[in-house]
Amino acid sequence: MPRIAIAWFRRDLRVQDHPALTAAVEEADVVVPVFVLDDRLLALHDGAPNRRWFMRESLVALRDELAARGAALRILRGDSRSVVPALVRETHADAVYVTRDVSGTGRHRDHAVAERLARDGVELHAKRGQYVHEPDELVTGDGAPYRVFTPYARAWLARPRRSPLAAPSRIPGPAEARPDDVPDLGPPTADPALMPDPGEPAARERLHTWVDGGLATYHETRNRLDRQGTSRLSQDLRFGLLSATEVVHAADRPGPGPEAFIRELAWRDFYAQVLWHQLDATTSPFRPAARAMRWRDDREALEAWRDGRTGYPVVDAAMRQLHATGFVPNRARMIVASFLAKDLLIDPRLGEAEFMRHLTDGDPASNDGGWQWSAGTGTDPQPFVRVFNPVLQGTRFDPDGDYVRRWVPELRAIEGAAVHEPWTLQEDVHRATGYPGRIVDHAAARERALAAFAEAGLDRREDDRGRRD
DNA sequence: TATATGTTCGG
DNA sequence: CGAACATAT
């Protein structure tokens, strides 16, 4: 009897550096690749049309990569906990190979599937592959998970990395099998022309363009909003079109640019690790002090923030870029997050949800980690309350105002950095632009935020370290 | 991966 | 006088 393995794809839509796929090919005679479209998961985050579209197109590319190597991708619909075991029975498979998933939903799903398969004597092989270092691989001296990034990064960098695996040259699928159709899952809400090309080959081309181009000066340009100073690989890591290991391997060159870039991948692993250990998941155990925080219930302000009409140009530019493209560079994410949580004193979880609806790279661990860093509710040990000054951030990272003019067309007639402070224009000039006035005064809002954070105890960091209640 | 404010110092 | 630096929050 030939050994039959199922290669179950999820957030790893690639064939290169895919430990689970490689193991399946090595250990079985026949490999059945499968992807499950789970309607329940697809409905999350209001359907997240940008991610759904990008994923669907990337699945088409994966189907083609697999077909070129001899295997036909099966597309199943339904609950993985029943359709995967059903496929195992149908194909008489002996084993199922997956890339280990650490997110809450994925973890529970895999646990349930593994249990069901075990009853039929079939093992679920969960291989590494989503991170450079898996969430349970790095622990502090006393065996506890890291809460602070700097020591985590030190350990992360010191740990030897595995080498990327080549794509299997041949993947022996069942004889005469044909790939299933990949159903249309609907258009994105962003403009596809402004989104990165989906699929592993396009992602790899982006990676090579990046390491031969912007990477060398990444440390200088990463925060610049008026040019592409970042890699634009986030959605590729989100869907596993590239493995983080491959990205680090390609970027591992001497110099401050590569060093700063690789450190960002350590942040990705760090936040995955935080979520894995449930240290500060936004939705469940908020920091005790954060639970005491009295966020303002201000629907109008929330909508102004969401729609990019706060009257602060760099904030509005970023929110409009988010909706138009499904992407915002990290600096702009921090600016709008600070504005919502500090200037508007609105619950950052509402902002987090808005990001998850639109970001093509939306990932619970990284998104939550970033929001909590900005909101000051996470593990980050800064002893002060960070309040970004939107004018200062704008003039520093968009010094000529090009970013604002690109995304806020009302302000296109205003030249130079003056575009960051339209309220200083002559009143009739400002009014003629049609651009809204400020919904809050930053200086006053800053004082209000400092007072509110102090009242909740969020300006002190030592009290809740390691305590859970 | 911060801001605001005060101080110092060179042009 | 503004840039650069130091320091408190």
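Chain letters run A, B, ... following the sequence lines, proteins first and then strands; every chain starts at 1.
- Dashed line: the shortest gap from a side-chain N or O of A:Asn389 to OP1 or OP2 of B:dA2 is not under 4.0 Å.
- Side-chain nitrogen and oxygen atoms of A:Arg396 include at least one within less than 4.0 Å of the OP1 or OP2 phosphate oxygen of B:dT3.
- Not less than 6.0 angstrom separates the ring centroid of A:Phe388 from the ring centroid of A:Phe339.
- Going from atom CZ of A:Phe339 over to atom P of B:dT3 covers 14 Å, rounded to whole Å.
- With centroids closer than 5.5 Å and planes inclined by less than 30 degrees as the test, A:Phe388 and the base of B:dA2 fail to qualify as a stacked pair.
- Counting to the nearest Å, the P atom of B:dA4 and the CZ atom of A:Arg386 are 14 Å from each other.
- Aromatic ring centres of A:Tyr218 and A:Trp210 lie closer together than 6.0 Å.
- Here A:Arg333 lies out of heavy-atom contact (under 4.0 Å) with every strand.
- When the side chain to side chain donor-acceptor pair (under 3.5 Å) test is applied to A:Asp38, no partner is found at least two apart in sequence or on another chain.
- Following rounding to the nearest Å, A:Lys342 (NZ) and C:dT9 (P) show an atom-to-atom distance of 18 Å.
- The separation between A:Leu392 atom CG and B:dT5 atom P is 12 Å, rounded to whole Å.
- At the heavy-atom level, A:Arg222 lies under 4.0 Å from base atoms of the strands shown.
- The separation between A:Met334 atom CE and B:dT3 atom P is 10 Å, rounded to whole Å.
- Regarding A:Phe397, its CZ atom lies at a distance of 7 Å from the P atom of B:dT3, rounded to whole Å.
- Nucleotide B:dA2 holds its P atom 6 Å from the CZ atom of A:Arg331, rounded to whole Å.
- Among the protein residues, A:Glu447 comes within range of no part of the nucleic acid, since none of its heavy atoms lies under 4.0 Å from any strand.
- Within the structure, a side-chain polar atom (N or O) of A:Gln393 is placed less than 4.0 Å from OP1 or OP2 of B:dT3.
- When rounded to the nearest whole Å, the span between CG of A:Asn330 and P of B:dA2 equals 12 Å.
- Within the structure, ring-ring contact (aromatic ring centres under 6.0 Å, His included) contacts touching residues 219-239 of chain A (residues at least two apart or in different chains) are A:Phe54-A:Phe239.
- Between the side chain of A:Glu137 and the backbone N or O of A:Glu134, at least one donor-acceptor pair lies under 3.5 Å.
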